[in-house]
There are 2 protein chains.
Amino acid sequence: MRASNLSLVLGEVARTGPASRARVAAHTGLTKSSVSGLVTDLIHAGLLEESAPAAVERGRPATALTLAPDGAAGLGLEINVDYLAAVVTDLSGAPRYHHVVRRDNRGREVAEVVADVLEVARTATRSAASQGLPLAAACVAVPGLTVDGTVVRTPNLGWTQVELAAAIQEDTGLEVDLENEANVAALGEMWFGGHEQDGTPLRDFVHVSGEIGIGGGIVIDGQVFRGAHAGAGELGHVVVAPDGPRCACGGHGCLERMAGQQEILARAGVETMADLTRACEAGDQAALDAVADAGRYLGIALASVLTLLDPAAVVLGGAFATLAPWLSAATSASISHHTGATEPPPLMVSGLGSDAAVRGAAGTVVRRVIGDPAAYLARNTARRVGSS
Amino acid sequence: MRASNLSLVLGEVARTGPASRARVAAHTGLTKSSVSGLVTDLIHAGLLEESAPAAVERGRPATALTLAPDGAAGLGLEINVDYLAAVVTDLSGAPRYHHVVRRDNRGREVAEVVADVLEVARTATRSAASQGLPLAAACVAVPGLTVDGTVVRTPNLGWTQVELAAAIQEDTGLEVDLENEANVAALGEMWFGGHEQDGTPLRDFVHVSGEIGIGGGIVIDGQVFRGAHAGAGELGHVVVAPDGPRCACGGHGCLERMAGQQEILARAGVETMADLTRACEAGDQAALDAVADAGRYLGIALASVLTLLDPAAVVLGGAFATLAPWLSAATSASISHHTGATEPPPLMVSGLGSDAAVRGAAGTVVRRVIGDPAAYLARNTARRVGSS
DNA sequence: GCGAGATAGTCCAAGTCGTGAACTAAGTAA
DNA sequence: TTACTTAGTTCACGACTTGGACTATCTCGC
């Protein structure tokens, strides 16, 4: 009904940029009159704006419709092993505020870290308010499994059963959603990474995020693939060495055990990722071998991923993006060796690096507004009525 | 609009069996009056029927609504390596005609096999007509990759670029859809296999169909997962032995190369699957070892599948269903060893065996009618008008 | 066996929404 | 200036859903 048509119109403008009512009508299949009505509603709601008519060839010039720069905004937060981050995004997805706090959160009290997150969130909220941006909701990227606003566990932070969403919601007054870091990173990469294939944006791909652990985000037809219990995409624990050593997860021969950061650093004989990069740049053979080894294992895992999921591309993110120059050749060779495909999907390198997850989290919020503007308006007007 | 509401009502009856208008209204969220209107339309269209009122506790007894047994029917066809099959299914999914022709199709001319398929289809069509079942469309299960009505390739039949859909369509006058055998087998298993989990039908699972090759069907939220180029689910070519031998697909160490029928038979030292089953029943150690070995490899592949896709269950079909008694222990152990999960998803055994694919194909047709009855009616009345 | 209560289903007036045609607005090309 | 082209609005109509009133048909308790 009208709700879905509102989204259709708003989504069309969001996708294709400034558009006239007539073009929206043509693209969506609705009639000009319907679009006219829907557009006036969206303008009154403050989500759409008219801008100056563009010069044209023939006929009456079209009045361009654009997403209102102060229509609705999303707050993205990220809790990670060695940093916290916040981003505020407007309807178009453009970042309007960006802040990162570097600090190793391993071993710290959960309450302490949560307090830091609240502080970061408050500062971001104030910035949004001062810019006149109404926050629709917040989304938090967490490096672990989340269910219904609760962090079930984060392997590398050691959290279990933390009611994070409620805490942030109480403090900021915003609706809060928790998401797996690998999943929102994949979405961020899709929306803001600028990847294209045959001229159209990527909508089916696998994103590999190599932070301390190895995560994976599977995106199919523009949607994150979550599986039955929200546990899908755990690329780090695909079996790449059936007779391999025991992994922290309890399995044997997992990718993370064979090609995780700890393993690479140990084999290369260096301490930090920065050291490793320097060693590779200097042509250190041990470092290059260690990275190539990891690339080979990654290729084995990706070979299975490609045959099982048939994605259109693979995007290397996080640490793997940094190591790509010395890693991707080995990975590509390994993929070819294990799939026999003459033309495996392209191996792309992340354009956002570590920002992908926060930006994806913030983007999730505004995409949800675009996906159902009626719901956003209903909530918003209801709140106004309630508070008046 | 009305189209989606018609489907909502019809789908409710299809899911929950005989239901009163009132219950449909309560379940779907529509009002009683809307349901009344929609139901009269569906009855006039011949898709729904009123049956005798059931005895009740208090109040006016409800007139039960059931799917019309002769409302619309689907023709399912299957072309496989060593047989052809046809099934006609009524709206409820019940098979009303079932015919299998056993014959090894390897090495035969494509045209010959297609002629056989047409013959099988004609006989099925006649049977449907004599039962008063109006066929809505046909769906053909093919053991290979299909795109847009064309069989791109079938590894074990050696077909390439066969315009199968057009041929069948011309001969039968039905709309024809081609599907991958493993995918429709998974759907058939879901709809007609009787699998349940916690009292609700399975909707997220992986179906392993071990015929001559090893295929996989991934079902997520009741939908087949196809990937970007319709090539997803190729379980047979997941890497289970990174240093293993070359597979026919060009890769190395694929599951099919390590645990396919040929490999098992060779290792067990027998000629046919029937021999193998007998040997296992007799307790022959070589046979038992061969099957257990295959089970172990299958477990490695499934471990990766479980971590990547997080399904709620795994269903063993085809030859693996037959071998399950001697295979599943090894598979379960191997899964546990490689995932470390304390409670991996249950390993179920197919209830349909080799019938899963044809029944799934026929079911696809009627499910499509239920999913969009308005489209079916539009096509049907248009045809009637056109031919009158 | 008769009314009260309960449940199923229909009917109808009201309101919502998209459609399509006619119309107005605003430009270019000759 | 006229013809043509494209953008956008207005409005009557039709298709649907809704909600309430009304009818139908059963069980239960007296």
Side-chain angles (χ1 to χ4, degrees), chain A residues 1-13 16-45 47-66 372-375 377-378 381, chain B residues 1-13 16-45 47-66 372-375 377-378 381:
Chain A
M1 55 174 77
R2 69 181 162 293
S4 91
N5 282 339
L6 282 173
S7 164
L8 209 62
V9 171
L10 193 56
E12 176 63 26
V13 176
T16 66
S20 69
R21 291 169 172 78
R23 223 189 62 192
V24 171
H27 279 51
T28 58
L30 298 168
T31 55
K32 284 192 299 174
S33 27
S34 300
V35 172
S36 252
L38 295 165
V39 163
T40 45
D41 278 10
L42 288 170
I43 290 178
H44 280 142
L47 296 177
L48 231 44
E49 270 187 2
E50 278 187 335
S51 41
V56 281
E57 282 295 297
R58 281 199 302 262
R60 169 174 169 180
T63 53
L65 298 169
T66 51
D372 194 352
L377 296 175
T381 50
Chain B
M1 54 173 76
R2 67 184 164 291
S4 91
N5 281 339
L6 281 173
S7 164
L8 209 62
V9 170
L10 193 55
E12 176 65 26
V13 176
T16 67
S20 69
R21 292 168 171 79
R23 223 189 62 192
V24 171
H27 281 49
T28 57
L30 299 168
T31 57
K32 283 191 299 172
S33 20
S34 300
V35 172
S36 251
L38 295 164
V39 163
T40 46
D41 278 10
L42 289 170
I43 289 178
H44 281 141
L47 296 177
L48 231 44
E49 269 187 4
E50 278 188 333
S51 42
V56 282
E57 283 295 300
R58 277 196 305 262
R60 172 174 166 179
T63 54
L65 298 169
T66 51
D372 193 352
L377 296 175
T381 51

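Letters A, B, ... mirror the listed sequences (proteins, then strands); counts begin at 1.
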| request: Summarise protein proximity over nucleotides 2-7 of chain C in one line of letters, 5' to 3': B for base, S for sugar-phosphate only, - for none, counting protein heavy atoms closer than 4.0 Å. | output: ----BB

| Nucleotide-resolved protein contact map, nucleotides 12-22 of chain C, B/S/- at heavy-atom distance under 4.0 Å | ----SSSBB--

| Is there any salt bridge (Lys or Arg N to Asp or Glu O under 4.0 Å) pair reaching into residues 27-37 of chain A, and which pairs are they, with sequence neighbours excluded? |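 The answer is none; no pair qualifies.
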
| field | side chain to side chain contact (heavy atoms under 4.5 Å, CB included) involving Leu8(B) - partner list, sequence neighbours excluded | value |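 Asn5(B), Thr28(B), Leu30(B).
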
| message | Measuring from atom CG of Asp41(B) to atom CD1 of Ile43(B), what distance do you get when rounded to the nearest 0.5 angstrom? | response |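 Here the rounded value is 9.5 Å.
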
| query | Atom CG of Leu42(A) and atom CG of Leu65(A): how far apart are they, to the nearest 0.5 Å? | reply |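 Here the rounded value is 9.0 Å.
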
| For the pair made of CD in Glu50(A) and P in dA26(C), what is the distance, rounded to whole Å? |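 It works out to 13 Å between those atoms.
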
| query | Between dT24(C) atom P and Arg21(A) atom CZ, what is the distance in whole Å? | reply |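 Rounded to whole Å, this separation is 19 Å.
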
List the atom pairs, with distances to 0.1 Å, where a side-chain N or O of residues 16-27 of chain B and a protein N or O form a donor-acceptor pair under 3.5 Å, not counting sequence neighbours.
{"from": "Thr16(B)", "atom 1": "OG1", "to": "Glu12(B)", "atom 2": "O", "distance (Å)": "2.9"}
{"from": "Thr16(B)", "atom 1": "OG1", "to": "Arg23(B)", "atom 2": "NH2", "distance (Å)": "2.9"}
{"from": "Ser20(B)", "atom 1": "OG", "to": "Ala22(B)", "atom 2": "N", "distance (Å)": "3.4"}
{"from": "Ser20(B)", "atom 1": "OG", "to": "Arg23(B)", "atom 2": "N", "distance (Å)": "3.0"}
{"from": "Arg21(B)", "atom 1": "NH1", "to": "Glu50(B)", "atom 2": "OE2", "distance (Å)": "3.0"}
{"from": "Arg21(B)", "atom 1": "NH1", "to": "Thr63(B)", "atom 2": "OG1", "distance (Å)": "3.1"}
{"from": "Arg21(B)", "atom 1": "NH2", "to": "Glu50(B)", "atom 2": "OE2", "distance (Å)": "2.8"}
{"from": "His27(B)", "atom 1": "ND1", "to": "Arg23(B)", "atom 2": "O", "distance (Å)": "3.1"}

| request: Quick one: list whatever passes side chain to side chain donor-acceptor pair (under 3.5 Å) with Ser34(A), sequence neighbours left out. | output: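 With neighbours one apart ignored, the set is Thr31(A).
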
| request: Quickly, which of Val9(B), Leu10(B), Val13(B) forms a side chain to side chain contact (heavy atoms under 4.5 Å, CB included) with Val39(B)? Name it, please. | output: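 With Val39(B) as partner, Val9(B), Leu10(B), Val13(B) yield a single side chain to side chain contact (heavy atoms under 4.5 Å, CB included), made by Val9(B).
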
| said: For a quick test of reading the model: is some side-chain N or O of Ser20(A) closer than 4.0 Å to OP1 or OP2 of dT6(D)? | reply: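 False: Ser20(A) side-chain N/O out of range (4.0 Å or more) of dT6(D) OP1/OP2.
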
